[in-house]
Trainee: 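Sharing a structure, written as structure tokens. Questions coming.
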There are 2 protein chains.
Amino acid sequence: MRDVALRAGVSTMTVSRVLSDPGKVSAEVRQRVMAAIEAAGYVPNRLAGSLSSRHSRVIGLIVPSLENSLFAPTIQGISEVLRRNGYQLMVADCGGSDAEEEALVTAFLAQRVAGLVLHNTRHTAAARAMIRRAGIPVVETGTLTPKPLDMVVSYSNHEASRAMTLHLHRLGYRRIGFVSLPAAGNNRALARQGGYRAALAEAGLPPEPRLMLEMPPGLPSGAEAVVRLAEGPVPADAIFFAGDVLAVGALFECQRRGWAVPGRVGIAAFDNIEILGQMVPPITTLRLPRAEIGRRAAEILLDRIQGRSAGPVRVDLGFEIIQRAST
Amino acid sequence: MRDVALRAGVSTMTVSRVLSDPGKVSAEVRQRVMAAIEAAGYVPNRLAGSLSSRHSRVIGLIVPSLENSLFAPTIQGISEVLRRNGYQLMVADCGGSDAEEEALVTAFLAQRVAGLVLHNTRHTAAARAMIRRAGIPVVETGTLTPKPLDMVVSYSNHEASRAMTLHLHRLGYRRIGFVSLPAAGNNRALARQGGYRAALAEAGLPPEPRLMLEMPPGLPSGAEAVVRLAEGPVPADAIFFAGDVLAVGALFECQRRGWAVPGRVGIAAFDNIEILGQMVPPITTLRLPRAEIGRRAAEILLDRIQGRSAGPVRVDLGFEIIQRAST
DNA sequence: GGTTTTGATGATACCGGTATCATGATTCGG
DNA sequence: CCGAATCATGATACCGGTATCATCAAAACC
């Protein structure tokens, strides 16, 4: 920058102004400085800028896994909005561990991020404390948690799960199986189990532990689950797969075994991944606002950072049941 | 940090040493400083550190799309290795546009990243120049490009495509259709087309334009392609879907139409996404080292940054044909 | 016309660390 | 036992920007 200033015959302050608030510099000088910037191939140093001005244009995002394609639309949504506003995104995955999340929060705070997006809604006490002390805005996106750190943008996993269960009941199913990811340490899986139980109670169906299963993520899990529940002691007439690609694995298993879907067993899924609608039969599922969550999360974060809003924010983006041929 | 130094009764230099090179500080003082850090809840400012030391611990990654789950394993691999070494990852997507990539490169250089990972192997002249002037190491990962900017970690899209085409020929197929993503501006799609053509020539099959198709990504594209090629003027007896999830969409379409696979048409895919192996029938495809590419890219980048290596590096991680029931 | 206001630019002091060299104490070799 | 080497620590000058206030000329006001 010093170099640019010399070339243009002005002070570094003027160069800085041209870059951050061009209106404050006379047109003639601005031209000269621009030319000098071009000539020098000058790339400003944001580290120095952020250090001096005490605010950065970097947002930190922590997801449980980068490999899981479910987060991809959300990440894309965040990235889109940030980019349009000249912000950068720093990403890391905590592998579902709270301790790792805490370490990442520390690392991001050390980088002086201007805000954080956390997919998890469970955090260590230390992480909460650090974030509070740092005084930066935070958005949680995993589920509409009742006690957010700061702001939330999501949908209610509880309500979505409840709605789908009631939907299956309305279709006439009476022994509705439920498969989720392990709920230990996963607020989302927990909320979905709760929604399922609440729906059963509302429908007057007795809870049946042998119809509930927790499985690790992955297609083979779904395959295993559909067999266990459809051939178990209490054969399910429909199964609600409330996690990941479990339903896809289940339908493939049915195809392999020649089981009619929904004749032998109805199948419902939780996420609107594209493939569900293309399968034979297409699978009943929920439309979740994955990309929209990312965009809105980024937007309200920027609103706060740029002083366009103040208090806590809670955005419920809802969900929608997509009834298809599999139920 | 000044606060920590006061609490511990030492200079800031000593605090800095405790954090970056504890061996240089006596055990007793180190204890005192650690305690002070703990008590003050001190989180170091990496911006200041990087500015002063002139090197950062942030790596920039630019992919064509964050939404496409094909990049997920690579990103995860990079993230894994970086994290283990105390580095952070900055991610952005350029939507396949060279100009956007250039803008992102500028933004990352402004953040003074220590290195770059670029998935694309095409770059604007300005981007190449900036990177060269910045003097930071770069790894390209999209394909084993013949003229890399600096380092490459990938597999050969040309060879992989050629191998699969020859494989289909060996299985007895003679009218092998080929579907790829639009090759304009995409070196990977281009290389795959080249490999297909080379294989045809080797096998002594005449090139047949009506057996080649370029389709946008997505399941419906695959569905459309399989119909057009299997029912076209020159009906394909096998189709090699060299991109994305095209093959999945194609198989679903066959299921819907009741076409026997491979009886009516053989189907081969390019990527080893999990679902291909679970479908009915499971789809013949290539095993590509997606995650390994990410890990190795990060490793050789860190090797260079930390001075463990110098010259250009070219890592061919190869590929493997997975023959399944669909061909 | 003199004074106040406005606008453009510059001088300077940081932001919060680290590199570098200086300092004083301790250890070591012969 | 003395000078050199080693070790632990500190003082200081940056890294490359921006905030803040000062300066001075031109415009606006009464």
Side-chain angles (χ1 to χ4, degrees), chain A residues 1-34 36-37 40-58 86 88 106-114 133-136, chain B residues 1-34 36-37 40-58 86 88 106-114 133-136:
Chain A
M1 180 155 158
R2 176 165 259 84
D3 175 36
V4 172
L6 285 177
R7 284 172 191 253
V10 298
S11 72
T12 60
M13 230 9 261
T14 300
V15 177
S16 175
R17 284 197 189 98
V18 169
L19 258 30
S20 57
D21 192 357
K24 294 208 158 182
V25 178
S26 73
E28 185 231 351
V29 172
R30 198 187 318 149
Q31 297 273 322
R32 232 167 52 219
V33 171
M34 295 295 239
I37 287 176
Y42 169 66
V43 177
N45 186 330
R46 301 269 173 245
L47 298 181
S50 295
L51 177 60
S52 176
S53 66
R54 300 157 133 300
H55 52 74
S56 80
R57 287 171 93 78
V58 177
Q88 297 300 323
T106 312
F108 281 163
L109 292 183
Q111 299 285 349
R112 295 302 187 263
V113 296
R133 292 213 327 160
I136 61 172
Chain B
M1 180 155 158
R2 178 164 257 85
D3 175 36
V4 172
L6 285 177
R7 283 171 192 254
V10 297
S11 72
T12 60
M13 226 13 256
T14 301
V15 176
S16 175
R17 284 197 188 101
V18 169
L19 257 30
S20 58
D21 193 357
K24 293 206 158 180
V25 178
S26 72
E28 186 230 350
V29 173
R30 197 187 317 147
Q31 296 272 322
R32 230 166 55 218
V33 172
M34 295 294 239
I37 287 176
Y42 170 67
V43 177
N45 187 328
R46 302 265 172 250
L47 298 180
S50 295
L51 177 60
S52 176
S53 66
R54 303 157 132 299
H55 52 74
S56 80
R57 288 171 92 79
V58 176
Q88 297 299 323
T106 312
F108 281 164
L109 292 182
Q111 299 285 348
R112 295 302 188 262
V113 296
R133 293 212 328 160
I136 61 171

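Everything numeric here is computed off the predicted structure, so don't read it as measured data. Letters go in sequence order (proteins before strands), and every chain restarts at 1.
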Trainee: When you measure from the side-chain N and O atoms of B:Ser50 to the phosphate of C:dG17, is any distance below 4.0 Å, counting only OP1 and OP2?
Mentor: no
Trainee: Distance check needed: D:dT6 P versus B:Lys24 NZ, whole Å only.
Mentor: 13 Å
Trainee: If you measure from CD on B:Gln111 to OG on A:Ser50, what distance do you get to the nearest 0.5 Å?
Mentor: 6.5 Å
Trainee: Answer yes or no: is there a donor N or O on one side and an acceptor on the other, between the side chain of B:Ser56 and the main chain of B:Arg112, under 3.5 Å?
Mentor: yes
Trainee: Quick one: which of C:dT9, D:dT18, C:dT18 gets closest to the side chain of A:Thr12?
Mentor: D:dT18
Trainee: If you check every side-chain atom of B:Ser53, which of C:dG16, D:dG17, C:dA19 has the closest atom?
Mentor: C:dA19
Trainee: Over how many whole Å does the gap from B:His55 atom NE2 to D:dC14 atom C1' extend?
Mentor: 15 Å
Trainee: Out of D:dT9, C:dG10, C:dG16, which nucleotide sits closest to the side chain of A:Arg54?
Mentor: C:dG16
Trainee: Using the closest heavy atom to pick a nucleotide of DNA chain D for each, name whichever of B:Val10 or A:Pro44 lands nearer the 5' end.
Mentor: B:Val10
Trainee: Using whole Å, what does the distance between atom P of nucleotide D:dG10 and atom CZ of B:Arg2 come to?
Mentor: 13 Å
Trainee: Nearest of C:dT18, D:dT9, D:dG17 to any side-chain atom of B:Ser26?
Mentor: D:dT9
Trainee: Examine distances only and state if a side-chain atom of B:Arg32 and a backbone atom of B:Ala8 form a donor-acceptor pair shorter than 3.5 Å.
Mentor: yes
Trainee: Measure CD/B:Gln111 against C1'/D:dC15 and give the value in whole Å, please.
Mentor: 16 Å
Trainee: If I take atom OG1 from residue B:Thr12 and atom CG from residue B:Asp3, how far apart are they, to the nearest 0.5 angstrom?
Mentor: 12.5 Å
Trainee: Looking at D:dG10, D:dT18, C:dT9, which one has an atom nearest to any side-chain atom of B:Met13?
Mentor: D:dG10
Trainee: Of the nucleotides C:dG16, C:dA8, D:dG16, which has the atom closest to the A:Ser52 side chain?
Mentor: D:dG16
Trainee: Identify the heavy atoms of B:Leu47 and A:Leu51 that sit nearest to each other, and give their distance.
Mentor: CD1-N, 4.3 Å
Trainee: Whole angstrom is fine here: how far is it from CG in B:Leu109 over to P in D:dG16?
Mentor: 15 Å
Trainee: If you count heavy atoms of other groups shown closer than 6.0 angstrom to CZ of A:Arg46, is the number above 12?
Mentor: no
Trainee: Provide, to the nearest angstrom, the distance between the CG atom belonging to B:Asp21 and the C1' atom belonging to C:dA19.
Mentor: 13 Å
Trainee: Starting the side chain at C-beta, find the nucleotide from D:dG16, C:dG17, C:dG10 nearest to B:Ser16.
Mentor: C:dG17
Trainee: Assign B:Arg17 to base, sugar-phosphate, or nothing according to its heavy-atom contacts below 4.0 angstrom with the strands shown.
Mentor: base
Trainee: Choose from D:dG10, C:dG17, C:dC15 the nucleotide whose nearest atom is closest to any side-chain atom of B:Met1.
Mentor: C:dG17
Trainee: Just the rounded figure in Å: distance from P of C:dC14 to CG of B:Leu51.
Mentor: 17 Å
Trainee: Kindly check if the number of other-residue, nucleotide or ligand heavy atoms within 6.0 Å of CE (A:Met13) is above 12?
Mentor: yes
Trainee: What's B:Val15 touching, base or sugar-phosphate or nothing? Going by heavy atoms closer than 4.0 Å.
Mentor: nothing
Trainee: Rounded to the nearest angstrom, tell me the gap between atom CZ in B:Arg112 and atom P in D:dG16.
Mentor: 8 Å
Trainee: Quick one: bend of the helix from C:dG1-D:dC30 to C:dG30-D:dC1 from 5 pairs per end, to 10°?
Mentor: 30°
Trainee: If I take atom CG from residue B:Leu19 and atom OG1 from residue B:Thr14, how far apart are they, to the nearest 0.5 angstrom?
Mentor: 12.0 Å
